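Okay, structure first, notes after.
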There are 2 protein chains.
Amino acid sequence: MRIGQLARLVDVDTQTIRFYEQQGLLPPPDRQENGYRVYTDKHAERLAFIRRCRILNLSLAEIHKLQSYQDDPHQPCSAVNALLDDHIYHVRSQITALQSLEKQLVSLRGSCNDGREVEACGILAGISERSTKAP
Amino acid sequence: MRIGQLARLVDVDTQTIRFYEQQGLLPPPDRQENGYRVYTDKHAERLAFIRRCRILNLSLAEIHKLQSYQDDPHQPCSAVNALLDDHIYHVRSQITALQSLEKQLVSLRGSCNDGREVEACGILAGISERSTKAP
DNA sequence: GTTGACCTTATAGTAACTATATGGTTTTTA
DNA sequence: TAAAAACCATATAGTTACTATAAGGTCAAC
Ligand SMILES: [Zn+2]
Ligand SMILES: [Zn+2]
Ligand SMILES: [Zn+2]
Ligand SMILES: [Zn+2]
């Protein structure tokens, strides 16, 4: 199949497919005489795997590692499990950081209401406030 | 004060200060005869404002808008309030997206334990599973 | 007079695409 | 059959908010 068909099948942009090839995530396919790429079902599977990883927010580097594990199927899978643990840790860190951010923002938002002039805006005042308090 | 002093004062890299100037967030300071930038306390305040906005995860574009509001202090501040509402909305969206992601990842992690071979890794199997189920 | 700290500009790299420009090929349609 | 539409190719630049590097000018101290 050609790149457009593959793109529709897996629901990825053709540019992205070429990009993955360039990044070494998708093996370079054979070419027709005119230079067009020709993909196999293996390629489609691999591409779908990449996409599912991306939906899980795994980075291309992490996906690359997973692929290298897959290429050596008799290793213990502890590295895969550890990679996922790390990734979960990162996601959780992001969540807690964003939650603390949300608190700050909501509190800031509470310091103003409509009908004021910019000069008296509680939000701008809140941001401008120095956190260093002189004695 | 020169750029290095300002950088230490506000705890920002000198490169970042020049970058903000280039992006139009920090007004171009006067120069000494030798070309060195000379900053005033106004600059320091403005830079600190930018940094506090960045800590709140506001984008440079959002900061730019806030600055433009500040430059016209007799407008109603509703635009400021709306900007913050939007930002809070974005942060909340990110949080819920990450929480749903975390759930998926934790469930995936539960499908494997150590001591398996890559071939039998529940995580890789879970990612490889096609979501389309034939009847 | 040279070391070191400081300053200058310009350029490239980061992540993961996305968009654009330019041109060749194939298929459809008038 | 010829033109239009759809498809393919490569190369390059843009996105965000910096960070790093290169190559060089300026200034104080030793
Ligand atoms: Zn990760
Ligand atoms: Zn307000
Ligand atoms: Zn925002
Ligand atoms: Zn496993």
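As a basis for the values below, the full set of heavy atoms in this structure was taken, side chains included, without hydrogen atoms, waters or symmetry mates. Here the structure is a predicted model, which is why all the values come from computation and not from measurement. Lettering of chains follows the sequences in order, A, B, ..., and the numbering in each one begins at 1.
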* To do: Look up atom CD1 in A/Ile63 and atom CG in A/Leu26, then write down how far apart they are to the nearest 0.5 Å.
  => 11.5 Å
* To do: Could you list where the contact with chain A starts and ends along DNA chain C, reading 5' to 3', using a 4.0 Å heavy-atom cut-off?
  => C/dA16 to C/dT26
Write down the protein N/O and nucleotide N/O pairs, taken from nucleotides 2-7 of chain D, whose separation is under 3.5 Å; answer none if there are no such pairs.
none

* **Gap separating the CG atom of B/Leu47 from the CG atom of B/Leu25, nearest 0.5 angstrom** => 10.0 Å
* Under the side-chain contact (heavy atoms from CB on, under 4.5 Å) rule, collect the residues that match up with A/Arg51, sequence neighbours excluded. => A/Val10, A/Val12, A/Thr16, A/Tyr20, A/Arg54
* Below 4.5 Å, heavy atoms only, C-beta onward: do B/Arg37 and B/Arg2 meet side chain to side chain? -> no
* Keeping to residues at least two apart or across chains, list the side chain to side chain donor-acceptor pair (under 3.5 Å) pairs with something in residues 5-15 of chain A. => A/Gln15-A/Arg18
* Asked: Are the side chain of B/Ser68 and the backbone N or O of B/Lys65 linked by a donor-acceptor pair below 3.5 Å?
  -> yes
* Structure fact -> Rounding to 0.5 Å, atoms CD (A/Glu45) and OG1 (A/Thr40) come to a distance of 8.5 Å
* **Residues in contact with DNA chain C, drawn from residues 56-69 of chain A - heavy-atom cutoff 4.0 Å** => A/Ser59, A/Leu60
* **Close side-chain approach of B/Gln75 to A/Glu117, heavy-atom, < 4.5 Å** => no
* Closest approach of B/Val80 to A/Cys121 (non-hydrogen atoms, all atoms of both residues) -> CG1-SG, 3.6 Å
* Is there a donor-acceptor contact under 3.5 Å from the side chain of A/His87 to the main chain of A/Leu56? -> yes
* Near-strand residues of residues 18-34 of chain B, defined as heavy-atom separation under 4.0 angstrom from DNA chain C -> B/Arg18, B/Arg31
